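What you are looking at is a predicted structure, and each value in this text was computed from that prediction instead of being measured. Below, read A as the first sequence line, B as the second, and so on, with proteins coming before strands; counting in each chain starts at 1.
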Amino acid sequence: MTGPISSRPVQRRRASQQHLWLCAAPAMTLFAAFWLLPMLRLVGVGASGPTGAMAYLAVLTNHHYLWSLVSTLLLSAAVTAVTLAISVVVGVFLQRHRIPGKALLMAMLTFPLAFPGVVVGFMVIMLAGRQGLIGALTDKLFGESLVFAYSFTGLFLGYLYFSIPRVILTVIAAAEKLDPALEEAARSLGASPWRVLADVVLPALTPALISSGAICFATSVGAFGTAFTLATNIDVLPMSIYNEFTSYANFSMAAALSIVLGLITWLVLALARSWSGNNGAAA
Amino acid sequence: MKRTLQHGVRFYLQLAFTLLICAFLIVPVILSILAGLTDNFFIGLSSGLTLRWVYQVWDDYQLTIWRSIVIALACLAVTAIVGVPLAYMLARYRGGNSRLARIIEELLMMPVAVPGLATALALIMAYGQYRSFRGSLLFILVGHVLFTLPFMVRPVLAVMQSSQLAVLEEAAASLGATRWQRFFGVVIPNVTSGILAGALMVVTLSIGEFNITWMLHTPLTMTLPVGLADSYASLRLEVGSAYTLIFLLMIIPLLIAMQWVANTTQAKVRL
């Protein structure tokens, strides 16, 4: 039973919560109208093809899509592993040592963060394309120019290019929170540098590595601009979706595949967040 | 101190590796800038420096640049107008610790978590039949707002959660300030650092957005990154490079400003 005395603050509180709903209304309306409902529609379109809802299984049963999915996942997993390894070495090194020009190095490492995928693809072309640096160098040295921008290796380099800056920033931020006394203790007890890395540094960095690794993986799986610029004949899943949509006007298949793709990236990010207890989705 | 003077082999190996990674990221950028200013990149710098390619891009693609700026500013306006009140709601609803607030935050991140291609396809399937909307810049703006909204909401929310805003607001309320006065007189002035950080992020992301825009654009609503892709695919390397140079010149001030904001504000804002 609530008496007249206690019910007044409750009422006032309710009124103030109501005005909070008004604050959220414009953004939520926008989001519902332009993302939530269109996504539901997309799920419906995905099931509207000649095979119905079976279209969602086509990614596993049709060997073209399956291959596209598998190569996307393998590529992204490899990119994530290599990016994490590079970022741990570079990030921990930069955080530990006072070297001249560190600010400049940091600026160089984070600059590409703002590049869209297409520009990243173009950077790979500058490096390994027909008029690229590596081609020119190998031409001078061996008399034969090495061009691999448009191959799987080029795609791999491009994905590394946009992944490294993101992950390095997270690693540096996490390394700042490490307690140097722990490493000192391990060293004084006779642990080798490798043991210190494996038993002290890496476990402390694990949450950051899981969350940034998940972002890296999800971004790679969904990356479209880089693959588009390099115009490789390797069908990563986003390229397959694009081709279904534009070249074959197969809207239902494009819809089904993009729902599958979206589910994969969302699931990876959600899992990583529940494992690391961190804000995994912060890009 | 002694350790920094006498470096072992391991130090130099790590240093070399770090420099290699920096080179991997920055050398192509430098090459691209040079190519954009070189008369004939295949021959090399000896062919002479020129602004010819930059002029050519300016003549052919100028509109894409203006369009991108207009969309970015419109996107900033929309995300600020709907995003700041939303952040306020998320910070305040049931003391800022409700399940609902977390679900909303999670939902807002979806257009970032899900590939842009999926968001773009969904928009096309749902609204593509409205021809005039489909063919207008508004259609692209919608995509950009969805994608950038969380980057406005998050830094503002972080500042709201870290500052003593609730106490200040209560003080203002006890002095008779109305809700409206409190929001504009107390809340907004105290979260400007968050709004500024969010604004820079929103504008930078919007100017560089490709994955959603590529699907949503029409020949008449081509934005800068779409134009870039177009030039990479069909024009000579020098033109693509000059175009990239213009893009870099546009984002560098934004990045410097972002760094400056991050350094000067005490608030822990994650960019």
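When heavy atoms are compared at a cutoff of 4.5 Å, A/Ala33 approaches chain B by way of both its backbone and its side chain. Only the side chain of A/Ile125 comes within contact range of chain B, judged by heavy atoms closer than 4.5 Å. Contacts of B/Leu228 with chain A are made by side-chain atoms alone, with heavy-atom separations under 4.5 Å and no backbone atom involved. Contact annotation for A/Pro112: only side-chain heavy atoms (C-beta onward) come within less than 4.5 Å of a heavy atom of chain B. Only the side chain of B/Ile251 comes within contact range of chain A, judged by heavy atoms closer than 4.5 Å. Contacts of A/Ile164 with chain B are made by side-chain atoms alone, with heavy-atom separations under 4.5 Å and no backbone atom involved. Only the side chain of B/Leu19 comes within less than 4.5 Å of a heavy atom in chain A; its backbone stays farther off. In this structure, the portion of B/Thr244 lying under 4.5 Å from any heavy atom of chain A is its side chain and not its backbone. Looking at A/Leu263, neither its backbone nor its side chain comes within 4.5 Å of chain B, counting heavy atoms on both sides. Only the side chain of B/Leu100 has a heavy atom closer than 4.5 Å to any heavy atom of chain A. For B/Ala35, the part lying near chain A is the side chain, with the backbone staying farther off; criterion is any non-hydrogen pair under 4.5 Å. Using a 4.5 Å cut-off between heavy atoms, B/Val29 touches chain A through backbone and side chain atoms alike. Both the backbone and the side chain of A/Tyr161 come within less than 4.5 Å of a heavy atom of chain B. When heavy atoms are compared at a cutoff of 4.5 Å, A/Leu36 approaches chain B solely by way of its side chain, counted from C-beta outward.
Each of B/Pro111, B/Gly208, B/Ala233, B/Ala120 has some count of heavy-atom pairs under 4.5 Å with chain A, and the biggest count is that of B/Pro111. Listed options B/Val226, B/Thr204, B/Val142, B/Val84 were ranked by heavy-atom pairs under 4.5 angstrom with chain A; first place goes to B/Val142. Highest contact tally toward chain B, considering only A/Thr110, A/Leu22, A/Val119, is held by A/Val119 [criterion: heavy-atom pairs under 4.5 Å]. The greatest number of non-hydrogen atom pairs below 4.5 Å with chain B, out of A/Leu257, A/Leu157, A/Thr29, A/Val43, is found for A/Leu157. Heavy-atom pairs under 4.5 Å with chain A peak, among B/Pro85, B/Ala126, B/Ala23, at B/Pro85. Comparing A/Trp266, A/Phe224, A/Trp35, A/Phe31 by how many heavy-atom pairs each has under 4.5 Å with chain B, the most go to A/Trp35. Ranked by heavy-atom pairs shorter than 4.5 Å toward chain B, the options A/Ser258, A/Gly222, A/Pro116, A/Pro238 are led by A/Pro116. Of the residues considered (A/Phe245, A/Phe115, A/Tyr242, A/Phe93), A/Phe93 shows the highest number of contacts with chain B, using heavy-atom pairs under 4.5 Å. By number of non-hydrogen pairs under 4.5 angstrom with chain B, the leading residue of A/Ala114, A/Ala218, A/Ala173, A/Ala254 is A/Ala114.
The aromatic rings of A/His97 and B/Phe11 lie perpendicular to each other, with more than 60° between the two planes, well past the 30° mark. Relative orientation of the B/Tyr127 and A/Phe34 rings is tilted, given thresholds of 30° and 60° on the angle between their planes.
Residues B/Val27 and A/Met126 are not in side-chain contact: their nearest non-hydrogen atoms beyond the backbone lie 4.5 Å or more apart. In this structure, A/Leu160 and B/Phe24 have side chains that are in contact, with non-hydrogen atoms separated by less than 4.5 Å. Counting heavy atoms from C-beta outward, B/Pro28 and A/Phe122 have side chains that stay 4.5 Å or more apart. Looking at B/Pro115 and A/Thr265, their side chains come closer than 4.5 Å, going by heavy atoms from C-beta outward. The side-chain heavy atoms of B/Leu248 and A/Phe111, taken from C-beta on, include a pair separated by under 4.5 Å. Looking at B/Gln259 and A/Met106, their side chains never come closer than 4.5 Å, going by heavy atoms from C-beta outward. Side chains of A/Phe251 and B/Leu121 form no contact here, defined as non-hydrogen atoms less than 4.5 Å apart. Between A/Leu113 and B/Leu255, every side-chain heavy-atom pair lies at or beyond the 4.5 Å cut-off.
Here CG of B/Leu31 is found 9.0 Å from CE of A/Met123. Values are rounded to the nearest 0.5 Å. Atom-to-atom distance recorded for A/Leu105:CG and B/Thr18:OG1 is 7.5 Å, nearest 0.5 angstrom. Within the model, atoms CG of B/Leu117 and CE of A/Met239 stand 10.0 Å from one another, a figure rounded to the nearest 0.5 Å.
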